[in-house]
Amino acid sequence: MNSRETAFWSIPAAELLGLLQSRPEGLRTEETPERHTRYASARLKAHQDIRPLFALLSQFRSPIILILLFAATVSLFLEDRTDALIILTIILISALLGFWQEHGAAKAVAALLSLVRVKTEVWRDGQLIEVPIEEIVPGDVIDLSAGSSIPGDGLLIEAKDLFVDEAALTGETYPTEKSTGITPVTAPLSQRTNSVFMGTHVVSGHAKAVIVHVGKETEFGRIAAHVMLRPPETEFERGVRRFGYLLLEVTLLLVFAIFAVNVYLHRPVLDSFLFSMALAVGLTPQLLPAIISVNLSHGAKRMAQQKVIVKRLTSIENFGSMNVLCSDKTGTLTEGTMRLQAALDLNGLPSERVLFYAGLNATYETGFINPLDDALRTQCVADLSGYRKLDEVPYDFLRKRLSILVATPTNHLLITKGAVEPMLTVCTSAELPDGTTVPIGGRSEKIRQQFHELN
């Protein structure tokens with residue numbers, strides 16, 4: 001990577017395209033394979049939790065399992081092969097049950113994820129096509145619109161009304177406004193308003209950007225390298241671990257105490273030791289791991305019948321002990337669709353005029369796709385062929401309004417929809433059902449009351 005490209009936000013777009021051996025209309029198809037090979041090592045790899053050997057060995061981390069292994073060893077030492085075989089069989093059954101469930105669930109999740117490939121629009125050979133995010137290479141020119149996930153760090157070539165959510169990197173609650181230009185080399189990440197970064201997404205607006213860094217070389221990639229943490233321990237695992245330690249402490253205490261008493265009473269040392277070890281084997285709950293695994297596997301099977309994949313067997317107990325489960329419901333537990341109940345006038349009566357303007361606004365908006373606009377477009381069946389879109393001011397979190405400018409056969413019309421309070425602050429008049437216009441001052445409270453009742 002050229003040293004100048006590391007501070008790409010301080011380089012003019014035309015010069016940066018030259019450094020990357022790219023062009024505004026994008027790379028040529030024959031240029032991409034070599035770049036794929038060159039930057040293969042920089043790719044971010046998903047956390048691999050389905051390695052069979054690791055999944056199998058993780059079943060033997062419990063203190064109870066370790067106690068049973070010790071007991072089996074003692075039984076072999078005492079030449080009690082039957083007891084040793086029984087204990088080892090129980091351990092093996094318990095471990096294989098857990099391994100079979102967790103490894104199978106991990107493979108099922110991986111298979112599901114392979115069906116869902118996030119794609120981005122990129123210019124290749126002067127044409128706009130969709131490619132998977134992992135196939136983006138430095139020098140690619142991407143096309144961004146509302147909802148687009150940004151596949152790498154890059155510099156804006158063109159931008160119009162662009163707002164990007166960078167909370168994952170900067171922690172900022174509100175989207176950041178982006179525009180073309182140059183920022184100083186020393187500018188912190190939050191002030192690089194001419195750049196876009198991997199791990200963020202577009203809230204509104206349109207833009208073209210040239211990708212400079214991908215994978216581990218991005219700002220997001222550097223953060224990801226420092227947060228490779230193991231999965232948190234569940235409450236059930238914590239409880240079993242504590243019980244195992246308690247059992248281990250009690251067993252060791254009794255073994256040493258009984259051995260010491262036998263030696264004090266001048267019993268043969270070897271006989272005293274063998275008696276203490278036999279006691280340790282007898283105190284160990286040999287069937288406990290198998291009972292736990294069988295019960296958890298039964299719970300996982302019942303969940304599977306309800307089309308729920310259980311990735312970690314120990315999470316079944318946590319799931320069963322929940323009192324309240326909070327979940328994102330839109331589009332997951334529900335259909336993710338919205339239906340329009342009514343479009344009302346100032347008197348709370350259905351109004352075709354209100355529905356028409358709302359549908360006109362929803363039809364021509366090109367920002368973030370949302371269920372409300374889908375419902376408006378579905379419900380509004382009016383003929384809009386006489387209207388032509390001229391411009392758009394996308395919704396943002398400061399204005400909380402979306403404005404569409406259209407040309408009618410006689411004049412230009414600006415249609416705005418948004419949250420009630422921001423709309424009331426900019427409106428000076430209201431239209432009555434009969435078409436007459438009155439000052440909105442005396443009607444504002446009635447509108448708020450009507451909104452409150454409907455809400």
Side-chain angles (χ1 to χ4, degrees), residues 1-44 116-166 169 176-183 192-221 366-369 392 394:
M1 179 64 66
N2 188 297
S3 59
R4 288 205 63 195
E5 295 171 27
T6 57
F8 61 87
W9 54 89
S10 63
I11 305 174
E15 183 180 343
L16 183 62
L17 285 168
L19 291 172
L20 293 168
Q21 297 180 343
S22 184
R23 56 200 68 81
E25 60 272 17
L27 297 172
R28 288 189 291 270
T29 303
E30 60 269 19
E31 294 176 323
T32 56
E34 185 272 332
R35 300 194 184 209
H36 274 297
T37 304
R38 191 194 318 171
Y39 295 101
S41 60
R43 297 290 174 193
L44 285 173
V116 184
R117 301 189 74 185
V118 180
K119 295 185 177 182
T120 189
E121 292 188 326
V122 61
W123 291 92
R124 296 268 174 88
D125 298 319
Q127 295 182 340
L128 192 61
I129 62 173
E130 281 193 344
V131 300
I133 278 183
E134 61 269 18
E135 294 182 11
I136 296 296
V137 294
D140 264 329
V141 176
I142 60 172
D143 197 79
L144 301 174
S145 58
S148 297
S149 295
I150 298 171
D153 293 358
L155 184 73
L156 292 173
I157 301 174
E158 300 173 7
K160 181 179 181 183
D161 303 320
L162 184 66
F163 285 83
V164 178
D165 185 350
E166 296 183 335
L169 295 178
T176 303
E177 185 175 7
K178 299 286 187 175
S179 59
T180 57
I182 300 175
T183 55
R192 298 172 196 169
T193 55
N194 64 338
S195 308
V196 290
F197 301 96
M198 182 180 182
T200 64
H201 66 273
V202 178
V203 175
S204 62
H206 290 84
K208 283 176 66 176
V210 56
I211 296 298
V212 182
H213 299 305
V214 294
K216 298 175 184 177
E217 297 175 351
T218 64
E219 297 290 340
F220 186 84
T366 57
F368 188 74
I369 299 173
E392 173 180 0

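Small disclaimer: the values here were computed from a predicted structure and weren't measured.
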Rounded distance (nearest 0.5 Å) linking atom [atom1] of [X] with atom [atom2] of [Y]:
| X | Y | atom1 | atom2 | answer |
| --- | --- | --- | --- | --- |
| Leu27 | Glu34 | CG | CD | 10.5 Å |
| Lys208 | Ile142 | NZ | CD1 | 11.0 Å |
| Leu169 | Thr176 | CG | OG1 | 10.0 Å |
| Glu166 | Thr200 | CD | OG1 | 5.5 Å |

For [X], what residues pass the side chain to side chain donor-acceptor pair (under 3.5 Å) criterion, not counting sequence neighbours?
| X | value |
| --- | --- |
| Arg23 | Glu31 |
| Asp143 | none |
| Ser149 | none |
| Arg124 | Asp140 |

Taking all heavy atoms of [X] and all of [Y], pick out the closest pair and write down the distance.
| X | Y | value |
| --- | --- | --- |
| Val203 | Ala146 | O-CB, 3.5 Å |
| Asn194 | Thr180 | CB-C, 4.4 Å |
| Ile133 | Pro151 | CG2-CB, 3.7 Å |
| Ser179 | Ala159 | CA-CB, 4.2 Å |
| Val214 | Ile136 | CG1-O, 3.8 Å |
| Ala207 | Leu156 | CB-CD2, 3.9 Å |

Between His36 (side chain) and Glu135 (backbone), is there a donor-acceptor pair under 3.5 Å? yes
Just by distance, do the side chain of Lys178 and the backbone of Val202 share a donor-acceptor pair under 3.5 Å? no
For the CD atom on Gln21, are there more than 12 heavy atoms of other groups (residues, nucleotides or ligands in this structure) within a distance under 6.0 Å? no
Contact check, side chains of Val122 and Ile211, non-hydrogen atoms, under 4.5 Å: no
Between Glu392 and Lys160, is there a side-chain N and carboxylate O pair less than 4.0 Å apart? no
Throw together a table of side-chain donor-acceptor distances under 3.5 angstrom for residues 125-132, partners on residues two or more places apart or in other chains.
from   : atom 1 : to    : atom 2 : distance (Å)
Asp125 : OD1    : Thr29 : N      : 3.1
Asp125 : OD2    : Thr29 : OG1    : 2.3

Counterpart residues, side-chain contact (heavy atoms from CB on, under 4.5 Å), relative to Ser195 (two or more places apart): Phe8, Trp9, Leu155, Arg192, Phe197
